[in-house]
Amino acid sequence: MPRDTLTPEQIVRTAVELLDDEGLEGLNMRSLGKRLGAAATAVYWHVKNKDDLVLLAADRVWHEVELPQLDAADWRGTAAAMADRLHAMLVRHPWLVQAIGSHLLYSTGKARYDDHLLGVFETAGFAPEEADRAAGAVMTYVLGNALGAATMASLSRKLRRAGEDPGGRFEETMAKAAEVAEPFPRLRARLDTAAATGYADAPDGTYRVGLRALLDGLRAGGADSGAGAA
């Protein structure tokens with residue numbers, strides 16, 4: 001595809017698809033050009049470098065998150081919806097968690113999300129600094145919970161590139177982890193139960209229980225004021 005028929009929209013959309021399939025380590029101008037049916041030089045005509053491409057791709061996926069209506073009467077439900085939609089987006093695009101840790105990212109998509117999340121708490125009566133802390137706590141919690149999916153995606157790609165079977169290696173690792181856990185009574189009691197999970201997985205329901213506990217602990221006026229929003 002000649003450079004004059006490529007568009008920034010095509011390039012960024014294809015970059016997201018490539019990142020979803022191959023992760024940050026699989027993104028380069030040559031592989032992107034191949035997917036587009038164009039030379040790498042044609043891509044450079046529209047995008048400066050890989051870092052710029054990651055920035056644009058990140059902005060695109062942040063815009064995928066739908067923003068619920070602000071609701072002072074049910075601000076915890078609104079905050080939960082914001083968290084859930086962000087978590088779902090990060091699981092769809094696990095490379096973004098990696099990018100947050102390795103790139104300097106900023107975008108209108110993230111700014112849009114951040115501003116609305118602050119609005120959830122300010123609408124509920126939180127002072128600006130309280131809203132900052134509450135929004136930061138929610139963001140940190142969601143990012144931490146999305147780390148497992150990002151880890152699994154990255155490790156699976158690494159093992160496949162090395163010619164190994166990811167499933168087999170994870171099973172082998174879990175078996176070794178079970179041996180290590182044997183001397184510890186609480187871990188040993190869980191090895192043959194539903195609480196035992198796969199590599200990098202948390203027990204079922206962990207995300208939901210933790211998010212509910214986090215939001216239940218947030219209130220306008222601070223933890224000691226007793227003046228919490230309903």
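Heavy-atom contacts from other residues, nucleotides or ligands closer than 6.0 Å to CD of E66 number 12 or fewer. The neighbour count for Q69 CD, taken as heavy atoms of other residues, nucleotides or ligands under 6.0 Å away, does not exceed 12.
At least one side-chain heavy atom of K50 sits under 4.5 Å from a side-chain heavy atom of L27. Side-chain contact between L90 and N145 is absent, with no heavy atoms from C-beta onward closer than 4.5 Å.
H87 contributes atom NE2, which lies 11.5 Å from atom CZ of R92 (distance to the nearest 0.5 angstrom). Annotation: the span from E17 atom CD to E22 atom CD amounts to 12.5 Å, rounded to 0.5 Å. In this structure, I11 CD1 and R35 CZ are separated by 14.5 Å, a value rounded to the nearest 0.5 Å. Going from atom CG of L67 over to atom OH of Y113 covers 8.0 Å, rounded to the nearest 0.5 Å. We find the CG-CD1 distance between L143 and I100 to be 5.0 Å, quoted to the nearest 0.5 Å. Note that the CG atom of L117 and the CZ atom of R112 stand 12.5 Å from one another [nearest 0.5 Å].
In terms of heavy atoms, R60 sits closest to V16 at CD-CG2, 3.8 Å. The two residues S154 and Q98 have their closest heavy-atom pair at OG-NE2, 3.5 Å. Of all heavy-atom pairs between L6 and A38, the closest is CD1-CB, 4.0 Å. Contact record, L70 with G119: CD2-C, 3.8 Å, taken as the closest heavy-atom pair. When all heavy atoms of R157 and D21 are compared, the pair lying nearest together is CD-O, 3.6 Å. Counting all heavy atoms, side chain and backbone alike, A81 lies closest to P68 at CB-CG, 4.2 Å.
Between R133 and E129 there is no salt bridge, since none of the side-chain N atoms of the basic residue sits less than 4.0 Å from a carboxylate O of the acidic one. The pair R208-D84 meets the salt-bridge criterion, with a side-chain N (NZ, NE, NH1 or NH2) lying under 4.0 Å from an Asp/Glu carboxylate O.
One N or O on the side chain of E130 and one on the backbone of G221 form a donor-acceptor pair closer than 3.5 Å. With hydrogens and angles ignored, the 3.5 Å screen pairs a side-chain donor or acceptor of T173 with a backbone N or O of R169. Remark: side-chain polar atoms of K110 are not paired, donor with acceptor, to backbone N or O of W62 under 3.5 angstrom. With hydrogens and angles disregarded, no donor-acceptor distance shorter than 3.5 Å links the side chain of D52 to the backbone of V47. One N or O on the side chain of Y141 and one on the backbone of L211 form a donor-acceptor pair closer than 3.5 Å.
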For V97 and T151, run side chain to side chain contact (heavy atoms under 4.5 Å, CB included): C-alpha distance rounded to whole Å, both residues' side-chain angles, the deciding distance at 0.1 Å, then the answer. CA-CA 9 Å; V97 178; T151 298; over 6 Å; no

Go through L55 and H103 one step at a time and tell me if the side chain to side chain contact (heavy atoms under 4.5 Å, CB included) criterion holds. CA-CA 8 Å; L55 195 66; H103 288 67; over 6 Å; no

T123 vs W75, side chain to side chain contact (heavy atoms under 4.5 Å, CB included): CA-CA, chis, key distance, verdict: CA-CA 8 Å; T123 299; W75 65 267; over 6 Å; no

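A single hydrophobic cluster is seen to contain both L214 and M139, as judged by linkage of ILVMFWY side chains at heavy-atom distances under 4.5 Å, directly or through other members. Hydrophobic clustering, with ILVMFWY side chains joined whenever heavy atoms are under 4.5 angstrom apart, keeps L215 apart from V209. L118 and L218 are not part of a single hydrophobic cluster, where members link through side-chain heavy atoms under 4.5 Å apart. L18 and L24 fall within a single hydrophobic cluster, where Ile, Leu, Val, Met, Phe, Trp and Tyr are joined by side-chain heavy atoms under 4.5 Å apart, directly or via other members. V91 and V138 fall into different hydrophobic clusters, where Ile, Leu, Val, Met, Phe, Trp and Tyr residues are linked whenever their side-chain heavy atoms come under 4.5 Å apart, directly or through other members.
Connectivity analysis of hydrophobic side chains (ILVMFWY, heavy atoms under 4.5 Å, direct or indirect) links L187 to F184.
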